[in-house]
Amino acid sequence: MCLVLQKRHLDCNGKILPPLVAKKDIKVYKVIRDVGEICPKYVTPCFYTKLVFNEQGIAELASQLRTYKGNDHYLPQVNAGIHAYTNKDTARRWSYSGADYSDCIAEAIIPKGAKYYRGEYDEIVADRMLIKKPSWQKISRNN
């Protein structure tokens with residue numbers, strides 16, 4: 001998943017502006033994938049990064065934000081970072097449940113001081129995120 005940047009993310013010369021810095025913790029919703037056969041085993045849906053939860057039930061992820069300036073065929077975008085949504089319903093719409101795996105929506109925090117870009121449709125991508133371990137539950141489109 002890549003966050004497509006808008007005109008507000010660019011300066012007057014078309015150069016990508018630096019990311020915002022969180023002045024306080026930002027609550028977000030992270031889609032994570034349960035690939036466990038018997039017990040839950042959580043990974044990120046795109047790169048299958050394994051989530052390791054500490055005793056408090058928190059997994060910490062960090063990633064460098066990388067941007068792509070675009071060209072005649074592609075829009076400017078953030079193509080590396082930790083992606084999430086600011087709205088739980090939007091996160092649910094982008095989740096998947098199937099026979100081989102099931103996505104879960106986990107509450108997460110972009111901590112104060114983290115760098116981030118915010119998209120037009122509830123998307124957000126950051127360089128750091130604290131993910132709370134979800135209660136094991138398959139996504140249902142009817143919930």
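- Note that CD1 of Ile124 is 12.0 Å distant from CG of Asn87, once rounded to the nearest 0.5 Å.
- Rounded to the nearest 0.5 angstrom, Glu107 CD and Ile131 CD1 are separated by 12.0 Å.
- Counting heavy atoms from C-beta on, the side chains of Thr86 and Tyr121 never come closer than 4.5 Å.
- The shortest heavy-atom contact between Pro111 and Ala22 is O-CB, 3.6 Å.
- The aromatic rings of Trp94 and Tyr85 lie parallel to each other, with less than 30° between the two planes, well short of the 60° mark.
- Within the model, atoms NZ of Lys27 and CD1 of Ile109 stand 7.0 Å from one another, a figure rounded to the nearest 0.5 Å.
- Tested against Pro76, the residues Leu3, Leu5, Thr67, Val4 include a single side chain to side chain contact (heavy atoms under 4.5 Å, CB included) partner, Leu5.
- The main-chain N or O of Lys15 is never found under 3.5 Å from a side-chain atom of Lys69 such that the two would form a donor-acceptor pair.
- Checking side-chain atoms of Asp25 against main-chain N and O of Lys112 turns up a donor-acceptor pair under 3.5 Å.
- Put simply, the side chain of Val78 does not reach to within 4.5 Å of the side chain of Tyr68, judged on heavy atoms.
- Crowding of Glu120 atom CD: a count of heavy atoms from other residues, nucleotides or ligands under 6.0 Å exceeding 12.
- For CZ of Phe53, the number of neighbouring non-hydrogen atoms (other residues, nucleotides, ligands) closer than 6.0 Å is greater than 12.
- Using modelled atom types, one side-chain atom of Asp34 and one backbone atom of Lys41 make a donor-acceptor pair closer than 3.5 Å.
- The minimum heavy-atom distance between Asn13 and Asp11, with the atom names listed, is N-OD1, 2.9 Å.
- Val31 is not connected to Ile58 by any chain of hydrophobic side-chain contacts under 4.5 Å among Ile, Leu, Val, Met, Phe, Trp and Tyr, and they are in different clusters.
- In this structure, the side chains of Val43 and Ile32 stay at 4.5 Å or more apart for every pair of heavy atoms.
- Heavy atoms of other residues, nucleotides or ligands lying less than 6.0 angstrom from OH of Tyr48 number more than 12.
- Without hydrogens or angle criteria, His9 side chain to Gln77 main chain gives no donor-acceptor distance under 3.5 Å.
- Side-chain atoms of Gln56 do not come within 3.5 Å of backbone N or O of Asn54 as any donor-acceptor pair.
- No side-chain heavy atom of Pro19 sits under 4.5 Å from any side-chain heavy atom of Tyr116.
- We find the CG-CG distance between Leu65 and Asp127 to be 5.0 Å, quoted to the nearest 0.5 Å.
- Residues Tyr42 and Cys104 are in side-chain contact: their nearest non-hydrogen atoms beyond the backbone lie under 4.5 Å apart.
- A donor-acceptor contact closer than 3.5 angstrom links the side chains of Arg93 and Thr90.
- The cluster map of Ile, Leu, Val, Met, Phe, Trp and Tyr, joined by side-chain heavy atoms under 4.5 Å apart, puts Met129 and Leu51 in the same cluster.
- Between Arg128 and Gly113, the shortest heavy-atom contact is NH2-C, 3.4 Å.
- Leu61 and Ile110 end up in the same hydrophobic cluster when Ile, Leu, Val, Met, Phe, Trp and Tyr side chains are linked at under 4.5 Å.
- Put simply, CD1 on Ile82 and SG on Cys46 are 12.5 Å apart, with the number rounded to the nearest 0.5 Å.
- One hydrophobic cluster holds both Leu20 and Ile26 under the rule that ILVMFWY side chains link at heavy-atom gaps under 4.5 Å.
- If you take CG on Leu75 and CG on Leu10, they are separated by 9.5 Å, rounding to the nearest 0.5 Å.
- The two atoms that bring Tyr29 and Lys88 nearest to each other are CD1-N, 3.5 Å, heavy atoms only.
- The shortest distance between side-chain heavy atoms of His83 and Glu123 does not fall below 4.5 Å.
- Under a 4.0 Å N-O distance rule, the pair Arg33/Asp103 qualifies as a salt bridge.
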